[in-house]
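What follows is a set of notes on a single structure, which appears directly below.
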Amino acid sequence: MAIIIDGKAVSAAIKQRVAQQAAALQKQNIQPGLAVILVGDDPASQIYVNNKKKACEVCGIRSFSYSLPAQTTQDELLELIGALNQNPDVNGILVQLPVPRHIQPDAVINAIDPLKDVDAFHPVNVGKIMQGTASLLPCTPAGVIELIDSAGIDPAGKDCVVIGRSNIVGKPMAMLMMHRNATVTICHSKTQNLTAKCRQADILISSVGKPHFVTADMIKPGAVVIDVGINRQKDGKLCGDVEFEAVAPIAGAITPVPGGVGPMTIAMLMQNTVTAAKLQNHIAI
Ligand code: NAP
């Protein structure tokens with residue numbers, strides 16, 4: 001039976017570490033601040049935003065919350081981002097995605113000062129991720145790296161398969177694993193012989209967004225299986241991409257859903273906010 005990698009415990013430890021860093025900054029009269037902007041009233045986004053506020057409280061980060069009506073124009077949103085870019089109390093700016101259809105997500109991402117871009121979606125930060133010189137790392141992939149580290153697994157020299165190539169998960173995930181010296185294969189919807197490719201993986205990371213997608217026949221015995229997927233089932237319960245019950249007896253280590261990668265994303269957002277505060281105040285990270 002695989003080791004179950006406990007994302008709740010690892011994320012709690014990271015939030016504690018962040019709280020210590022924030023307390024140290026406070027001694028220098030710096031309180032890290034995170035601004036979260038929500039446009040519209042999508043209930044799932046409201047839950048995410050509230051969870052971020054709660055995490056800020058736990059970590060000693062000041063949170064600034066902006067709930068804008070769905071009909072807010074792109075110019076109005078960009079104006080707010082411009083003001084937050086100039087506000088020294090705000091170290092991190094996050095616009096909860098998706099934004100309403102009349103707003104271009106790229107225009108929003110590009111408007112955020114790269115030093116305050118705690119999602120690490122700005123092209124400057126994406127370029128740095130590619131170069132391996134980034135200080136602000138994309139939260140979900142960075143959380144996966146923390147989970148792998150927490151389990152004492154060294155990716156160096158291992159074959160890693162990442163399923164999914166989105167800008168927010170798959171692509172940066174593959175980059176981070178390559179920087180940790182894994183040999184990385186990126187798979188997507190046009191990949192042929194996916195099962196055979198996955199069976200080669202010492203570390204398999206699934207970010208597809210389809211329940212029961214990763215089945216036992218895709219797993220190399222002893223492999224580390226990281227499930228990034230979050231899918232809502234008909235009964236309302238959450239599940240990942242991986243058929244956990246069938247895969248866990250074959251894998252060496254596995255993340256559950258819920259309680260695996262999910263809690264890591266917010267913890268890494270908190271870490272990025274404190275890192276951003278240090279960068280903006282020329283303090284070593
Ligand atoms: P996305 O943008 O929809 O990307 C899904 C990827 O899966 C695409 O690259 C797609 O390939 C690939 N794919 C789809 N069907 C496939 C198939 N049959 N075979 C192989 N690849 C296939 O989704 P995302 O934003 O990356 O998110 C992925 C999942 O992670 C979702 O469940 C999301 O909810 C979850 N997520 C979790 C967290 C967290 O905090 N844990 C954070 C972000 C996302 P193509 O590129 O060819 O279309």
Side-chain angles (χ1 to χ4, degrees), residues 1-24 51-52 54-55 58-61 118-120 129 132 134-164 168-170 172-184 201-207 214 219-230 238-242 244 247-275 285:
M1 188 70 180
I3 294 164
I4 312 292
I5 303 176
D6 183 349
K8 271 193 203 163
V10 179
S11 81
I14 288 172
K15 281 190 262 184
Q16 209 175 3
R17 181 181 83 195
V18 173
Q20 284 164 0
Q21 292 175 8
N51 288 343
K52 285 165 189 170
K54 277 186 211 152
V58 169
C59 293
I61 291 171
V118 282
D119 262 336
I129 293 159
S135 303
L136 299 174
L137 295 172
C139 299
T140 302
V144 169
I145 297 287
E146 291 277 357
L147 287 179
I148 290 173
D149 284 347
S150 77
I153 296 152
D154 181 3
K158 302 229 164 56
D159 286 322
C160 173
V161 170
V162 178
I163 323 178
I168 62 167
V169 187
M173 188 71 253
M175 278 299 137
L176 297 192
M177 289 302 282
M178 190 187 68
H179 293 317
R180 296 297 293 271
N181 295 318
T183 303
V184 182
D202 302 307
I203 303 174
L204 178 64
I205 303 175
S206 182
S207 57
V214 176
I219 308 299
K220 178 177 176 176
V224 177
V225 179
I226 307 287
D227 192 350
V228 182
I230 300 179
L238 291 182
C239 74
D241 292 344
V242 177
F244 185 89
V247 167
I250 304 166
I254 188 166
T255 61
V257 179
V261 177
M264 297 303 295
T265 300
I266 287 190
M268 300 318 291
L269 174 68
M270 299 298 113
Q271 179 64 75
N272 272 350
T273 304
V274 168
T275 301
I285 54 170

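Computed from a predicted structure; not experimentally measured.
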I need the minimum non-hydrogen distance between [X] and [Y], along with the two atoms involved.
| X | Y | answer |
| --- | --- | --- |
| Val274 | Ala22 | CG2-CB, 4.3 Å |
| Val161 | Ala201 | CG2-CB, 3.7 Å |
| Ser207 | Val169 | CB-CG1, 3.5 Å |
| Met1 | Ala248 | CE-CB, 3.5 Å |
| Ala182 | Cys160 | CB-CB, 4.0 Å |

Considering only heavy atoms from C-beta outward, does the side chain of [X] approach that of [Y] to under 4.5 Å?
| X | Y | value |
| --- | --- | --- |
| Ile163 | Ile205 | no |
| Val214 | Ile219 | yes |
| Met173 | Val184 | no |
| Gln271 | Gln21 | yes |
| Val58 | Gln16 | no |
| Ile61 | Met270 | yes |
| Met264 | Thr140 | no |
| Lys220 | Asp202 | yes |

Start with the C-alpha distance between Val257 and Phe244, add both sets of side-chain angles, then the distance that settles side chain to side chain contact (heavy atoms under 4.5 Å, CB included), and finish with yes or no. CA-CA 9 Å; Val257 179; Phe244 185 89; over 6 Å; no
Please round to the nearest 0.5 Å and tell me the distance separating atom [atom1] of [X] and atom [atom2] of [Y].
| X | Y | atom1 | atom2 | value |
| --- | --- | --- | --- | --- |
| Asp159 | Leu204 | CG | CG | 11.5 Å |
| Ile14 | Leu147 | CD1 | CG | 7.5 Å |
| Cys59 | Gln20 | SG | CD | 10.5 Å |
| Met177 | Ile148 | CE | CD1 | 4.0 Å |

Run Ile254 and Ile5 through side chain to side chain contact (heavy atoms under 4.5 Å, CB included) and show every step you take. CA-CA 6 Å; Ile254 188 166; Ile5 303 176; over 6 Å; no
Check whether any side-chain N or O of [X] sits under 3.5 Å from a backbone N or O of [Y] as a donor-acceptor pair, and report yes or no.
| X | Y | answer |
| --- | --- | --- |
| Thr255 | Ile226 | no |
| Asn181 | Gly157 | no |
| Asp227 | Asp241 | yes |

More than 12 heavy atoms of other residues, nucleotides or ligands under 6.0 Å from CD1 of Ile3: yes or no? no
In a check of side-chain contact (heavy atoms from CB on, under 4.5 Å) between Pro138 and each of Asn272, Val118, Ile129, Asp119, which one passes? Ile129
What residues, two or more places apart in sequence or in another chain, satisfy side chain to side chain contact (heavy atoms under 4.5 Å, CB included) together with Leu137? Ala134, Ala142, Leu176
Test: salt bridge (charged side-chain N to carboxylate O under 4.0 Å, His left out). Region: residues 8-17. Which pairs qualify, not counting sequence neighbours?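 Listed by first then second residue: Arg17-Glu146.
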